[in-house]
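Taking it in order: structure first as structure tokens, then the write-up.
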Amino acid sequence: MNLPMDPEIRRILLLSAPEAAELVIGWELYADGAGGRIVEAEAYTDDDPASHAFDGPRGRNLPMFLEGGHIYVYRSYGVHWCMNLVTGPAGSGQAVLIRALEPLWGLDEMRLRRPGIADHRLLSGPGNLTKAMGVTGESSGTLLGEVVGARMGDFGGKVGVTTRLGLTRAMDTPWRFCALGSRSISRKPPRE
DNA sequence: AGGATGATCATCT
DNA sequence: GATGATCATCCTG
């Protein structure tokens, strides 16, 4: 895969992470022929105590300080890979964690990668979706279109907002965005 | 339906 | 030596 980035995608990924995180709900993400529609995402910024970018560019978080449109993949709890879309101008240290997608393509391949999982759950959860799509830390720092591709899209519903999941800091910041009504959201969605 | 637990390792103190 | 932007599994009710 080596595709030029859609200008509208590029424009949105140069916005701040909280703005972009809401707008990416409904987009299509794919890697190696497998993927689906984004139904859940969270924003992280450089002045956010919960963000890997909070202490400045070092080590694994370097890709977060690239220009919007790159991807940042990190290992969570030593076990799972988690994928972000980097946003904002170069050096700004922002990203959108992709938490869940509704499966659209590569169902056979994804079932092999996650045996025994119901189809609508194949891409539900940040660690689960990278496993189903075959995305690892090797693609951290690549540009969208190299390993992971994105297309504009629309899920045709409303977006709900809640606080982010799994944090020990900045737990009140309402930067989790969900496609209301989707069965593929990783945990209980906000009330409509 | 919901709480506790352990896996496992890069990064940081 | 401690800490996670997690998840599957094993409880309890």
Side-chain angles (χ1 to χ4, degrees), chain A residues 13 16-22 24-25 27 29 31 36 38-66 68 70-88 92-103 110-142 148 159-179 182-191:
Chain A
L13 292 182
S16 74
E19 291 174 293
E22 178 162 13
V24 301
I25 302 296
W27 287 14
L29 266 194
I38 302 175
V39 292
E40 183 180 351
E42 290 176 352
Y44 292 86
T45 64
D46 70 319
D47 57 355
D48 164 14
S51 171
H52 293 171
F54 188 64
D55 293 322
R58 286 192 266 285
R60 69 172 176 181
N61 74 12
L62 287 175
M64 272 189 87
F65 290 85
L66 298 173
H70 288 81
I71 71 173
Y72 165 50
V73 184
Y74 69 95
R75 177 92 86 166
S76 174
Y77 290 88
V79 187
H80 311 285
W81 294 109
C82 295
M83 170 168 57
N84 295 254
L85 304 182
V86 176
T87 83
S92 66
Q94 310 178 64
V96 171
L97 172 69
I98 305 303
R99 290 196 56 93
L101 303 88
E102 267 176 18
M110 297 197 292
R111 290 178 190 125
L112 288 176
R113 290 175 177 145
R114 301 199 60 216
I117 303 297
D119 284 354
H120 73 283
R121 293 244 148 243
L122 284 170
L123 296 167
S124 185
N128 292 333
L129 68 92
T130 55
K131 182 168 185 189
M133 294 169 69
V135 172
T136 70
E138 283 183 36
S139 34
S140 193
T142 62
V148 176
V159 175
V161 185
T162 67
T163 53
R164 298 171 293 182
L165 304 179
L167 305 185
T168 57
R169 291 172 288 180
M171 298 172 67
D172 299 334
T173 308
W175 280 353
R176 172 183 178 233
F177 300 89
C178 296
S182 171
R183 296 164 69 225
S184 299
I185 284 169
S186 67
R187 295 210 227 151
K188 186 177 288 197
R191 289 293 300 171

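Please read all numbers here as calculations on a predicted model, not as lab measurements. Just so it is clear: chains get the letters A, B, ... in the order the sequence lines come, proteins before strands, and each one is counted from 1.
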| message | Please give the stem ranges for DNA chain C, sorted by first residue number, where a stem is three or more consecutive Watson-Crick or G-U pairs and both donor-acceptor distances are under 3.5 Å. | response |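 In DNA chain C, stems of three or more pairs: B:1-7 with C:6-12, B:9-12 with C:1-4.
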Do [X] and [Y] make a side-chain contact, defined as non-hydrogen atoms from C-beta onward lying under 4.5 Å apart?
X	Y	answer
A:Pro103	A:Asp119	no
A:Ser124	A:Arg183	no
A:Pro126	A:His80	no
A:Tyr74	A:Asn84	yes
A:Trp81	A:Val135	no
A:Val148	A:Thr142	no

| request: May I ask you to check whether A:Arg114 and A:Asn128 show a side-chain donor-acceptor distance below 3.5 Å? | output: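 Yes.
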| field | Rounded C1' spacing from C:dA8 to B:dA10 in Å | value | 22 Å
Under 4.0 Å, heavy atoms only, any strand: does [X] hit a base, just the sugar-phosphate, or nothing?
X	answer
A:Met171	nothing
A:Ser186	nothing
A:Leu97	base
A:Arg121	nothing

| said: More than 12 heavy atoms of other residues, nucleotides or ligands under 6.0 Å from CG of A:Asp47: yes or no? | reply: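 Yes, enclosed.
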| Nucleotide-resolved protein contact map, nucleotides 6-13 of chain B, B/S/- at heavy-atom distance under 4.0 Å | -BBB-S--
| Taking for each residue the nucleotide of DNA chain C with the nearest heavy atom, is it A:Arg114 or A:Thr168 whose nucleotide lies nearer the 5' end? |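 Of the two residues, A:Thr168 wins.
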